Every structure is written in structure tokens, then in C-alpha cells.
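One structure is given below, encoded as C-alpha cells.
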Amino acid sequence: MISYIKELISYRELLIALTKREIKIRYKQTTLGSAWAVLQPFSLMLIFSLVFGVFLGLESQGLPYPVFYYSALLTWLFFSTSMSFGSHSVINNSNLVAKVYFPRETLPLASLGAAVLDLMVASIIFVLMMAYYNIPLSFNLIYLIPIIFILILFTLSVVLFTSALVVIWRDLKFVVPLVVQIWMFASPIIYPVNKVPENLQFFYMLNPMAVVIENFRRVTLFAKEPVFSQILTAAVISVILFFISYYFFKIKEKSFADII
Amino acid sequence: MNLQMPIVFGDVYKSYSIRRLKYKRLAEDVGQIFQRLVTRKKRTLQSEKFFALNGISFKVKKGESLGIIGKNGAGKTTILKLISKVTYPDSGEITVNGKIGAFIELGAGLHPELSGRENIFLYGAILGMTKKEIDEKFESIVKFSGLRKFLDTPIKRYSSGMYARLGFSVVSFMDPDILLIDEVLAVGDKNFQQKCLTKMHNFSKSDKTLIFISHNLDAVKKICDKVLVIEKGKIVFEGSTDLAIKTYLDLFPKSR
């Protein structure tokens, strides 16, 4: 494992170059360019507020619907775009993988890197929204660091798995978006977490995305501390999953050029 | 002095599956697993294998320029892919000592949506060059490629000759210990071909190691000091360039 990471570090220049490429080509020849990074969560936020808020009158923990939904969509869209771009990152570069040697994990990592940039751009709108709704800030915002860390590490772990699996079984190309859809309903995006039955809460919170979204809201919108037991559980799950999926990826990597 | 051989192949076998040259189908795999569970037999469907390399052994000394010739599908490119660790052998030993520069296929690593300038940096990074290195060599790369006018054009608008020129220019300015070149002279005009040949010739004169695959026998004659002739995954001749070319030409049935 250490040798994998050492090699990856020696290829850091490539990782930077691939991330830049990812960012450049993602919005190339689109008129609105990187504004899409904002338009995606923003338009979804509008629709969610209208349908689930105004039409259905769902509960939003006393928060204005726009911030309630946007806060969740911010982290969720990081996960879902990373999944859709990252899972295909290896097969989309089949030409490169079949011809040139380099550590293959740079490809999913570059997709994630581009998604991090999108997340930062979309966060600017979130800050403006918080100011508009007069949401008080607190020192608890410091806990965003572990929350975002878990978000990125967990997403990376899942993407390493799916990107390798999609090479082996192309069928999974269609399974991944479906799983992401289902996953969205298993996370507190549309509804607040207190709507989940008490006896299911424990299992519900084993999903690191639920932990990330819920605690992101607590920290930013309620100026509260995160639930430390949840953060710890999610961190442990993410770290273990990362080692397993990275190892899996490196084992499967050797056959990529032959089957891609 | 470093007496290690840059490249050693010891009885290398490499096969590809014929039945599923492409990816697997999920249903097929799940089906097989069930079948195995029920019948308690080992793998019922043995996939047919095609041996691209059938027990290849050779050594390349430091400073040597090795040519590899053979018919299409003889296994030439597979050898280069094994050296550069793109793929791995079924069995046998492969030792490689030194930094590798590989130009295996035209356009691999170039991205059509990006400009020529962006591609020089991207391709350089893929070949393992640092940003600083590319910055320093950028001017020479552009000059060599002769594409200055089109530097800011997305390369999807380039012709295939321009593609090759851009790709080869970057490769030729990296500074590897071992350079692998696979059939690059097929495109590019006379003028550029000549430039490439000169470049490779200079490289082969240095104490660096070169492996050169080509169907252009004149180029092989000019550049290589030793040639392998490959036929059906086996080495049928190893030795001087002239004799190798004769052996190679004898592989083809005399027409008329």
C-alpha cells in the first residue's frame, strides 16, 4: 500500500495535468461554461423548494426551503457528479490506458479533483444565501474540515470501486446511476433526518453520506456542533473502505489494458 | 559503472482470451458461478486463448539499438507494452532498468478538445515529464513540430500528420534511458520523417537504449545495430540487421 502511494506521489505532476484537463474539457464548448457548477445545484434547489416545499409542504426543521435544500445538494452533487464522471473515468480513457503506463488511479482522482472545484464554486452561492437569510455563523464552522474530509474520502473510495468494476463489467454503467438515485433517497436531502423512525436511526447513520449531509446542516445552518459519534463512525467506515477499494483497484489495474 | 542490462526478457508468455477479447458480461459471469455451485465442477467454459508471445527471451545491452520486425500480429507491440508495464505477462521474467519513454501509438494521450499548447503539457506529463522540464523544452518542442501557427487550435482540427508531429515532438524531447518507438513513420511527410530519423539516429548513437518497431526496413537498417525477427510470438532470428531483413522477407511466400 505504501509503495502504491509513493508511486502516486511520484506521478503528482500527471495528476495535476489530468485534473486540469478534466476541468477544461468538462465545460468546453458549452456556452455557460463553469457556471454549470452553480446552475445544477441552484436549479435543483428551486425545483425541490417548489415541489417538496410549496406543493407538498414537507417539513424543513424551521429553515427556509432554499437553504435547507441547497445545503444538502452541495455535498450530494459532489458525490453524484463524482460518481458519474469518476466511474467512467477509466473506460473513457481506454486509449490512454491501453497504450501508456501510469498509475491508473490518477484518472478517478482527476474526476474528483474537478468535482472539488465545482464544490468550491457552488459554495460561494451557499455563503451568499446564508447571508441573505441572516443565518448566524459560529466557530463550529471549523468542523466543516472533518466533514468535507469524510465526504471526499468516502466518495473516492466508492469511485475507486466502481471505476474498476465498470471496466470488468460494462453492465454496471447502467447500474451506477440507478444506485446513486436510490442512495439519494437514503440520505436526508429532501426530508430532515428526524423523519427517519427512531429504531432505524442507527442503521440510517451508517451511511456516511447521511452523516455528511446531516452534520453539514447542523454546523452551517444551526451553528451547532456535529454529532461526534456519527462523525467518528463515518470516518472509520471511510478509511477502512478506502484501503479496501484502493487495494482492489490496484489488483484489478494490471488487467485493465487487456480487457478495456 | 552500472552493468545492469536495461532490458531482459526470460521465457515470456503472454496470452489474450479470444472468446472474450472484450469486456465480460455480468450475466455470463453470474451464470458461470451458479453453474459451478450446482455442478461442483471447476470452470466449465474454458476460454480459448491466443498466445501473442510464445516463450520470448532476449537481452538488450546499454546503448544498444534494437529493431523488431515481423508481420502484423506477430507480437511486436505486445513486447513494447510489456516493457512499459502497460500489460503484464502470463509467465516469465521481465527486468527493466531505467526510465522509459514510449511512443506506442500515435495520438494516445493527446486530447482532441484541447489546444496544441495544452496537449504538449498534458502529453509531457503523461510521459512522466515535470512541468518545469516541459517549460524549459517547450520552445524546442514547438520548433521541432513546426506547428507554431496552430498552437492554440484544438487538435481535433489537426490532420493526422499534424497529430503525429505533435506527439513525436514531445516524446523526442523527453530524456529517457530507454526509448520505445512503435511505427511512427507511417504518417508525416518526407521532411518530418527525415527529422524523426535524424533524432532517433542521434539517440541510438548515445549511450541510451532504443527499441524500434517499424515496417520501414530502410529506417531499421539506418538506426538499429541488432534486429529481432518475430513470427507467431516467437523469435525466429536474432542478429545483424541485413540478415534479419533477409529472414523477414523470406517469411513471405514468393509471389508469382
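To find a chain, count down the sequence lines: A is the first, B the second, and so on, and within it residues start at 1. Here the structure is a predicted model, which is why all the values come from computation and not from measurement.
- Atom NZ of B/Lys59 is surrounded by 12 or fewer heavy atoms from other residues, nucleotides or ligands within 6.0 Å.
- Under the side-chain contact (heavy atoms from CB on, under 4.5 Å) criterion, A/Phe242 pairs with A/Leu153, A/Leu156, A/Ser157, A/Leu160, A/Tyr246, not counting sequence neighbours.
- Sparse packing is recorded around NZ of A/Lys252, with 12 or fewer heavy atoms of other residues, nucleotides or ligands lying under 6.0 Å away.
- Counting non-hydrogen atoms of other residues, nucleotides and ligands closer than 6.0 Å to CZ of A/Phe149 gives a total of 12 or fewer.
- In this structure, the portion of B/Lys81 lying under 4.5 Å from any heavy atom of chain A is its side chain and not its backbone.
- Residues that satisfy the side-chain contact (heavy atoms from CB on, under 4.5 Å) test with B/Lys149, not counting sequence neighbours, are absent from this structure.
- Among residues 106-116 of chain A, no residue has any heavy atom closer than 4.5 Å to a heavy atom of chain B.
- Of all the heavy atoms in B/Ile126 and A/Leu96, the pair that sits closest is CD1-CD1, 3.8 Å.
- Within a 6.0 Å radius of NZ in B/Lys234, no more than 12 heavy atoms belonging to other residues, nucleotides or ligands are found.
- Ranked by heavy-atom pairs shorter than 4.5 Å toward chain A, the options B/Thr87, B/Leu127, B/Asn119 are led by B/Thr87.
- Here A/Ala98 is the residue among A/Ala98, A/Ala17, A/Ser10, A/Ala257 with the most heavy-atom pairs under 4.5 Å with chain B.
- Residue pairs that meet the salt bridge (Lys or Arg N to Asp or Glu O under 4.0 Å) test with at least one member in residues 4-21 of chain A, sequence neighbours left out, do not exist here.
- Here the closest heavy-atom approach between residue A/Asp258 and residue B/Tyr16 is recorded as OD1-CE2, 3.3 Å.
- Shown here is A/Ile142, whose CD1 atom has no more than 12 heavy atoms of other residues, nucleotides or ligands within 6.0 Å.
- Under 4.0 Å is where a charged nitrogen must lie from a carboxylate oxygen, and between A/Lys99 and B/Asp182 no such pair does.
- The environment of A/Trp183 atom CH2 is dense: over 12 non-hydrogen atoms of other residues, nucleotides or ligands sit within 6.0 angstrom.
- Using a 4.5 Å heavy-atom cutoff, the side chains of B/Leu122 and A/Leu18 are in contact.
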